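Keep in mind that what you see is a predicted model, and the values were worked out from it rather than measured. Ligands are counted one by one from 1 in listed order, and the atoms in each one are counted from 1 as well.
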Amino acid sequence: MTSLKDKSILLIISGGIAAYKSLELIRLIRKSGGHVRCILTKGGAQFVTPLSIAALSEENVYDDLWSLKDETEMGHIRLSREADLIVVAPASANIIAQMAQGLTPDLATTTLLASDKPVLIAPAMNHKMWDHPATQANLATLKDRGVLSVGPDEGDMACGEHGMGRMSEPEAIFEAISDFFFKRPLKGLTALVTSGPTHEPLDPVRFIGNRSSGKQGHAIAAALAQAGAHVTLISGPVNQSAPAGVNLIKVQTAAQMLSACENALPADIAVCAAAVADWAPEQASTQKLKKREDESAPTIALKQNPDILKTLSNHKNRPQMVIGFAAETENLLENAAAKRTRKGCDWILANDVGTDGKTFGADENHVYLVSANGQDDWGLTSKTEIARKLTAQITGYFTDHEHKHAAE
Ligand code: C5P
């Protein structure tokens with residue numbers, strides 16, 4: 001049994017006959033040395049008692065959003081802040097819908113909405129409820145937001161019917177919890193990720209930039225780090241916060257971004273998600289450029305910026321896996337395939353940005369993975385899901401190929 005020593009889990013027990021299995025889950029977590037604190041919903045309390053939960057978890061049980069006593073002692077904010085992982089087991093169709101919609105009728109849902117902690121759900125419901133498009137749409141929303149899930153299983157239900165919807169067994173949920181904490185398929189690998197725009201100064205107050213938000217690059221850095229890679233995130237000016245466990249290097253210009261990338265070598269993986277400015281003013285004025293008396297506009301001479309993706313792809317210390325992006329407004333796949341060859345990278349994530357600029361700053365993107373083997377349509381999906389899929393592809397690559405140990 002994996003040790004969960006020093007790991008703290010907030011277990012939300014919602015309504016369903018499967019709640020009795022959560023008692024066994026509490027026992028398994030405690031047996032492995034983990035700490036578990038429970039929130040019991042009104043529905044959950046129909047199936048298990050606070051007393052059995054308190055006895056097994058050796059902790060207070062929280063069930064009331066409006067309890068003055070609980071709020072002064074603990075409070076819903078602290079309940080989630082002190083957890084490393086929130087597990088919702090059983091996760092009823094109702095709590096899944098509330099999570100997807102951001103509703104907060106009780107302590108469990110309020111805590112979930114007030115939290116930025118990773119969440120794992122173990123759905124449990126009647127098979128018709130599971131199959132219903134509403135539940136499936138809610139699950140897709142949660143998945144896009146990065147919520148992890150385990151199960152359900154197929155089998156006989158308490159209601160006498162048979163189908164998908166039985167909550168996974170406590171052992172399987174415990175294993176999913178262990179995987180969350182310890183499965184690190186990219187452990188031992190180093191990655192560098194570029195993100196955001198670059199700002200190329202015209203003078204001390206003006207610059208040439210673009211609308212890149214850094215959402216995609218930051219999400220990729222977070223997903224690689226979650227998979228165990230040692231990640232250096234080299235980012236232009238953005239409003240995103242640094243993902244947990246990532247070494248963030250902030251830069252302004254393309255030249256600074258390139259030199260930070262070269263300093264981060266050797267690395268096993270490079271993902272160039274930054275929207276690097278193609279040109280920079282040939283000379284940045286050291287003083288603010290003034291309006292002219294004769295009202296003429298200055299002519300700004302531009303110089304070509306270094307191509308970071310191309311430089312890394314052809315570097316003497318080339319990372320084993322180099323991945324770029326291609327934002328195209330026409331002939332998406334032809335242009336992306338040509339770009340892959342021209343730059344010398346392994347994979348290109350191609351996305352059609354249209355001509356309305358809506359991809360920049362959006363949470364979703366429609367991408368294709370273009371490799372030497374052709375192209376794979378990933379459909380319209382969230383940037384976090386793209387990051388997770390890319391991380392899974394990279395993991396697959398390093399499972400199939402010998403790792404050349406760049407960092408040694
Ligand atoms: O040539 P284009 O800008 O369309 O290529 C996009 C890809 O190249 C992206 O992965 C981007 O991060 C990378 N790139 C770069 N340095 C540049 C221009 C683009 O790394 N100067």
*Any chance the side chains of Ser92 and Asn94 put a donor and an acceptor closer than 3.5 Å?*
no

_Whether the Thr135 and Asn138 side chains hold a donor-acceptor pair (N or O, under 3.5 Å, no angle test) is what I'd like checked._
no

Distances only, to 0.1 Å: what are the N or O pairs between ligand 1 and the protein that fall under 3.5 Å?
from	atom 1	to	atom 2	distance (Å)
ligand 1	1 (O)	Lys343	NZ	2.8
ligand 1	4 (O)	Lys339	NZ	2.4
ligand 1	5 (O)	Lys343	NZ	3.0
ligand 1	8 (O)	Lys343	NZ	3.1
ligand 1	10 (O)	Cys272	O	2.6
ligand 1	10 (O)	Phe325	N	2.7
ligand 1	10 (O)	Phe325	O	3.4
ligand 1	12 (O)	Cys272	O	3.1
ligand 1	12 (O)	Ala274	O	2.6
ligand 1	16 (N)	Ile308	N	3.0
ligand 1	20 (O)	Ile308	N	3.4
ligand 1	20 (O)	Leu309	N	2.8
ligand 1	21 (N)	Pro306	O	2.8

*Going by an N to O cut-off under 4.0 Å, is there a salt bridge joining Glu161 and Lys128?*
no

*Mind telling me whether Trp347 and Tyr397 have parallel, tilted or perpendicular rings, with 30° and 60° as the class edges?*
perpendicular

*Say you draw a straight line from OG1 of Thr198 to CD1 of Ile308; how long is it, rounded to the nearest 0.5 Å?*
7.5 Å

*Only one of Leu23, Val61, Ile17 forms a side-chain contact (heavy atoms from CB on, under 4.5 Å) with Val48, so which one is it?*
Leu23

